[in-house]
Amino acid sequence: LVQLVESGGGSVQAGGSLRLSCATSGFAYINYCMAWFRQAPGKEREGVAAIVASDESTYYADSAKERFTISQDKAKKTVYLEITTLRPEDTAMYYCASGSRIYCKNDIWPKMQGTWGQGTQVTVSS
């Protein structure tokens, strides 16, 4: 059974930091492109960052390059997303997804089709 389980979200004040985790199981993690997306109320889902599990190449949305860092622990098959200097506009449900490595390598990961987790809520108050 393929599973992606996000955790680490919460309610924080602006300026704080969070590290989200995505624990995976049931598939050959090393062969995949792993990505974080978010969806704010009333808005479309947007890609935040992606990482190639095999070589740790990373990709970021332009809006995420300054305050977001994607990383992984291969041994734990877990992907992380660190967010610093949180802003109210970061409030969203954050989802982890796995997909073909081709999405990362061709830098089309924001359109990735694959398997999704249930999400973890991040709420930032001013």
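Residue indices begin at 1 and follow the sequence shown.
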Measure from the side-chain N and O atoms of [X] to the backbone N and O of [Y], and report whether any donor-acceptor pair falls under 3.5 Å.
X    : Y    : value
E6   : Q118 : yes
T91  : T123 : no
N106 : Y103 : no
S63  : A61  : no
R67  : T84  : yes

key: Pair D55 + R101, salt bridge at N-O below 4.0 Å   = no
ask   = Which of these, F68, Y95, Y94, sits in a side-chain contact (heavy atoms from CB on, under 4.5 Å) with L20?
value =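 Going through F68, Y95, Y94 one by one, the side-chain contact (heavy atoms from CB on, under 4.5 Å) with L20 is satisfied by Y94 alone.
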key: V52-Y32 co-clustered via ILVMFWY side chain contacts under 4.5 Å   = no
message = Could you check whether R19 and Y80, counting side-chain N and O atoms only, form a donor-acceptor pair closer than 3.5 Å?
response =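 The criterion, which ignores hydrogens and geometry beyond distance, is not satisfied for R19 and Y80.
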ask   = Strictly by modelled atom types, are Y29 and Q72 linked by a side-chain donor-acceptor pair under 3.5 Å?
value =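 Present: a donor and an acceptor within the cut-off.
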message = Ring centroids only, cut at 6.0 angstrom: are F37 and W116 within range, meaning strictly under it?
response = yes
Smallest separation among heavy atoms of T78 and A23, with atom names =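 Shortest heavy-atom contact: OG1-CA, 3.8 Å.
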query = So which heavy atom on R45 is nearest to which on Q39, and how close?
reply = N-NE2, 3.8 Å
